[in-house]
Visitor: 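For reference, the structure I am asking about is given below.
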Amino acid sequence: MKTAVNSGSKPARIFIVALAMMIGVASISVAQELPPLNRDAILGHLNEAITWYHDTTTKVQAAGLPSDAIYEDNTRNLAAEVVRLAFQSARMEAALITANEKSPNANQTAKAPAQQQDLTQIAARIAAEIDNTQSRLDSVNRQLASAPRSKKKELQAERERLQGKLALDKTVQDSVQKMATFAEESTDSASEGLEGSINQLARSVPEVFANKTIPKAAAKADGSSSSPANSSGLIGQAITLLGRMRSMHEINQMIKETDHLRQNAENLRKPLRTTLVAILQRGRDLANQQGASANAQNENATTEYHDLISRFKQLSSAAMPLSQEILLLEESRANYVEWRRSIVRESTDTLQALLIRVIGIALALGIVAILSEVWRKLTFRYIHDPRRRRQFLLLRRFVMGFLVGVVLIMGFVSEFSSLATFAGFVTAGIAVGLQALLLSVVAYFFVVGRYGIRVGDRISIAGVTGDVVDIGLVRLYIMELAGTSIDLYPTGRIVVFSNSVLFQAGTPLFKQIPGTEYGWHEIAVTLATGGNYKLVQDKIFSAVNGVYEQYRERIERQLGGIERQTEIQLKSPTPDARLHLSDTGAEFVVRYPVDIRTASEIDDRVTRAVVDLMDADAQLKSATIGLPKIRAAIKG
């Protein structure tokens with residue numbers, strides 16, 4: 001019974017040992033197998049890391065803050081270190097791929113050396129054949145030199161055959177050498193493989209591997225450029241705010257690129273990490289097996305431990321740079337997030353300042369509008385003269401326009417030195433292009449001055465006589481008058497002159513004395529030869545003076561107004577009689593003032609008075625020739 005048990009337990013022990021060996025072999029194979037690394041994934045990760053590095057150094061524009069230089073330096077240094085670690089991991093992964101290809105593809109990898117060995121053997125055989133043929137040819141040549149004539153023909157034929165064979169062998173030898181060289185170059189290029197591609201990519205970022213510190217010339221150039229960050233103008237603050245918003249958008253894009261690159265590195269590290277975990281688990285299992293069975297095969301366990309350590313070192317040399325790269329990418333992302341927070345804080349302050357400035361400009365414009373309305377109401381309440389009221393309202397426009405311009409300039413512009421230069425060029429251009437308009441505006445202030453022109457004045461300008469109906473900022477409107485020199489009436493036309501006509505020397509302007517509305521007319525009577533001129537003088541002068549007495553008070557009132565305004569003592573206008581010689585003989589003239597608004601009526605009264613006097617006095621009528629004539633005393 002005991003024997004049966006022993007005989008039954010022996011196969012069981014054998015089965016258990018075999019199963020343990022199978023499990024150990026399976027674990028060893030899992031631990032020794034390399035992870036499935038992808039060449040395209042490795043090269044894609046390098047390309048993405050290089051693109052991310054270039055975007056890091058060029059894409060984000062400085063927001064004009066003092067802290068930008070610190071964040072830029074941190075970003076460039078971290079980006080350079082990430083690229084270095086990515087290349088370090090890629091080279092180690094390339095070495096792992098090469099090592100992985102040696103085991104399952106031994107026949108395929110040994111194919112190229114076998115082909116090179118065959119070509120080498122063929123080249124050696126051809127070289128030996130050439131040496132043999134050359135020695136035989138030398139022997140034939142020596143025999144031919146001393147051979148009798150009967151054997152020379154046979155030796156010459158043998159020499160020609162050997163020379164042809166030698167030429168053919170050399171041609172074959174040249175072709176074999178070319179094939180061997182080509183095969184060697186193909187083998188070298190194939191041996192480069194992924195490592196060669198990695199080296200080519202490394203040459204695209206020489207500054208990363210040349211020095212540990214990235215040049216900061218670009219950063220200094222950006223920092224030295226003028227920034228409107230400290231601008232106090234509305235436009236400068238708005239441009240600053242837009243620039244910071246653009247920087248935040250660019251930083252958000254870089255955060256997304258950083259996250260994508262980190263995920264790519266995680267995907268590359270995942271198979272390496274899984275294999276490393278399997279190796280560690282295999283080491284624990286192996287330790288547990290040794291503790292449970294002290295009589296196990298120690299030599300095999302020691303060999304397996306060495307193999308596990310070797311594999312672990314190979315895999316960790318590739319996984320460690322990826323882990324460091326991931327940590328640096330996380331640090332770079334945190335740097336971008338902190339950079340964005342600093343810009344957001346400063347942008348909030350800038351936005352508050354911008355809103356305060358806008359509100360200040362609105363309040364200032366509101367105050368100007370209130371002052372304008374108060375000025376207008378006070379003008380209409382306390383100034384009743386239409387002319388002065390018009391002047392005050394016009395002055396109000398200029399003052400309010402100036403205040404609005406000052407508010408806008410102070411609110412929108414901050415670089416006053418540039419503004420002064422720009423304003424100088426603009427003013428020069430306006431002065432040249434709008435010379436006539438500016439001259440008209442300047443003339444307007446002379447026209448509406450103390451002794452200038454006002455609405456209702458009768459003036460003569462450029463041969464046109466009329467009454468002023470309106471005075472604009474750049475134009476003057478006159479109602480045209482026409483007729484005889486003493487009888488003028490409106491023609492129904494309005495004549496428009498530019499105010500600048502006041503400064504034109506060739507266009508004189510005539511107007512009444514300020515405050516007066518009277519002119520001078522005269523009545524002329526031709527004396528008969530031998531007539532009593534004293535009688536004519538007394539009678540006609542008395543008649544004209546009698547008519548003048550009817551409106552004398554109105555004329556003298558106008559004279560008093562002139563004296564008050566000009567502070568000049570003037571002689572009161574009265575009729576004046578004169579006797580002078582003309583082409584028709586002696587002529588008696590009486591000059592008298594007339595109100596220009598009622599000149600026709602006054603001339604009619606004078607005419608009636610003189611005619612009635614001459615009809616009633618025969619002696620006066622006989623002393624004159626013809627009828628009296630009334631005309632303007634002032635010519636032109």
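All heavy atoms count here, side chains included; hydrogens, waters and symmetry mates do not.
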Visitor: Run the side-chain hydrogen bond (donor to acceptor under 3.5 Å, both in side chains) check on Asp138 and Gln134 step by step: do they pass?
Guide: CA-CA 6 Å; Asp138 293 339; Gln134 185 65 43; 3.3 Å; yes

Visitor: Check salt bridge (charged side-chain N to carboxylate O under 4.0 Å, His left out) between Arg333 and all other residues, then give those that pass, not counting sequence neighbours.
Guide: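 By the salt bridge (charged side-chain N to carboxylate O under 4.0 Å, His left out) rule, Arg333 matches Asp259.
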
Visitor: Would you mind reporting whether Arg136 and Arg161 have side-chain heavy atoms less than 4.5 Å apart?
Guide: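 The answer is yes; the side chains approach within 4.5 Å.
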
Visitor: Taking the side chain from Asn267 and the backbone from Gln263, do they hold a donor-acceptor pair closer than 3.5 Å?
Guide: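 Checking the backbone N and O of Gln263 against the side chain of Asn267, a donor-acceptor pair under 3.5 Å is found.
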
Visitor: What's the shortest heavy-atom distance between Ala364 and Val407, and which atoms?
Guide: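 Looks like CB-CG1, 3.6 Å.
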
Visitor: Would the number of heavy atoms belonging to other residues, nucleotides or ligands and lying under 6.0 Å from NE2 of His249 be above 12?
Guide: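 Not more than 12 within 6.0 Å, no.
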
Visitor: Of all heavy-atom pairs between Ala90 and Ile42, which one has the smallest distance, and what is that distance?
Guide: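 The answer is CB-CG2, 3.7 Å.
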
Visitor: Set out, in order, the CA-CA distance, both residues' side-chain angles and the distance that settles salt bridge (charged side-chain N to carboxylate O under 4.0 Å, His left out) for Glu154 and Lys151, then state yes or no.
Guide: CA-CA 5 Å; Glu154 183 181 354; Lys151 292 184 178 182; over 6 Å; no

Visitor: Strictly below 4.0 Å, N to O, side chains only: are Glu81 and Arg84 in salt-bridge contact?
Guide: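 Judged by the 4.0 Å cut-off on N to carboxylate O distance, Glu81 and Arg84 do form a salt bridge.
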
Visitor: Go through it in stages, so that I can follow the logic: the residues are Arg262 and Glu266, the test is salt bridge (charged side-chain N to carboxylate O under 4.0 Å, His left out), and I'd like the CA-CA distance, side-chain angles, deciding distance and then a yes or no.
Guide: CA-CA 6 Å; Arg262 182 183 179 278; Glu266 288 277 5; 3.5 Å; yes

Visitor: Which atoms form the tightest heavy-atom contact between Ile251 and Tyr336, and what is the distance?
Guide: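 Closest approach of Ile251 to Tyr336: CG2-O, 3.5 Å.
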
Visitor: With a 3.5 Å distance limit and no angle check, can you tell me whether Ser135 reaches the backbone of Asn132 through a side-chain donor-acceptor pair?
Guide: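 Yes, because the side chain of Ser135 sits within donor-acceptor range (under 3.5 Å) of the backbone of Asn132.
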
Visitor: For a 4.5 angstrom cut-off between non-hydrogen side-chain atoms, does Glu331 reach Asn335?
Guide: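 Sidechains of Asn335 and Glu331: no contact.
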
Visitor: Testing the basics here: between Glu158 and Val140, what is the closest heavy-atom pair and its distance to 0.1 Å?
Guide: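 The pair with the smallest heavy-atom distance is CG-CG2, 3.8 Å.
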
Visitor: For residues Glu129 and Arg125, determine if any side-chain heavy atom of one lies less than 4.5 Å from a side-chain heavy atom of the other.
Guide: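 The answer is no; the side chains never approach within 4.5 Å.
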
Visitor: Heavy atoms only: give me the nearest Ala79-Trp52 pair and the separation to one decimal.
Guide: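 Nearest heavy atoms, Ala79 then Trp52: CA-CZ3, 3.5 Å.
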
Visitor: Restricting to non-hydrogen atoms, name the atom on Arg340 and the atom on Ile255 that form the minimum distance, rounded to 0.1 Å.
Guide: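 Distance-wise, the nearest heavy atoms are NH1-CD1, 3.9 Å.
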
Visitor: Any chance the side chains of Arg76 and Thr56 put a donor and an acceptor closer than 3.5 Å?
Guide: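 Checked: Arg76/Thr56 side chains show no N/O donor-acceptor pair below 3.5 Å.
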
Visitor: Given 3.5 Å as the limit, does a donor-acceptor pair link the side chain of Ser89 with the main chain of Leu85, or not?
Guide: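 No: the side chain of Ser89 does not pair with the backbone of Leu85.
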
Visitor: Got a sec, which residues hit side-chain hydrogen bond (donor to acceptor under 3.5 Å, both in side chains) with Glu257, two or more places apart in sequence or on another chain?
Guide: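 Per chain and number, Glu257 pairs via side-chain hydrogen bond (donor to acceptor under 3.5 Å, both in side chains) with Lys59.
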
Visitor: Residues two or more places apart in sequence or in another chain: which of them pass side chain to side chain contact (heavy atoms under 4.5 Å, CB included) with Glu48?
Guide: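 His260, Leu261, Asn264.
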
Visitor: Does the pair Glu325/Arg269 count as a salt bridge with the N-to-O cut at 4.0 Å?
Guide: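 Not counted as a salt bridge, because no side-chain N and carboxylate O are separated by less than 4.0 Å.
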
Visitor: Is there a side-chain contact between Leu137 and Lys165 in this structure, where contact means two heavy atoms from C-beta onward sitting under 4.5 Å apart?
Guide: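 The answer is no; the side chains never approach within 4.5 Å.
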
Visitor: Inspect the surroundings of CE in Met320 and state if more than 12 heavy atoms from other residues, nucleotides or ligands are less than 6.0 Å away.
Guide: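 Incorrect, the count does not exceed 12.
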
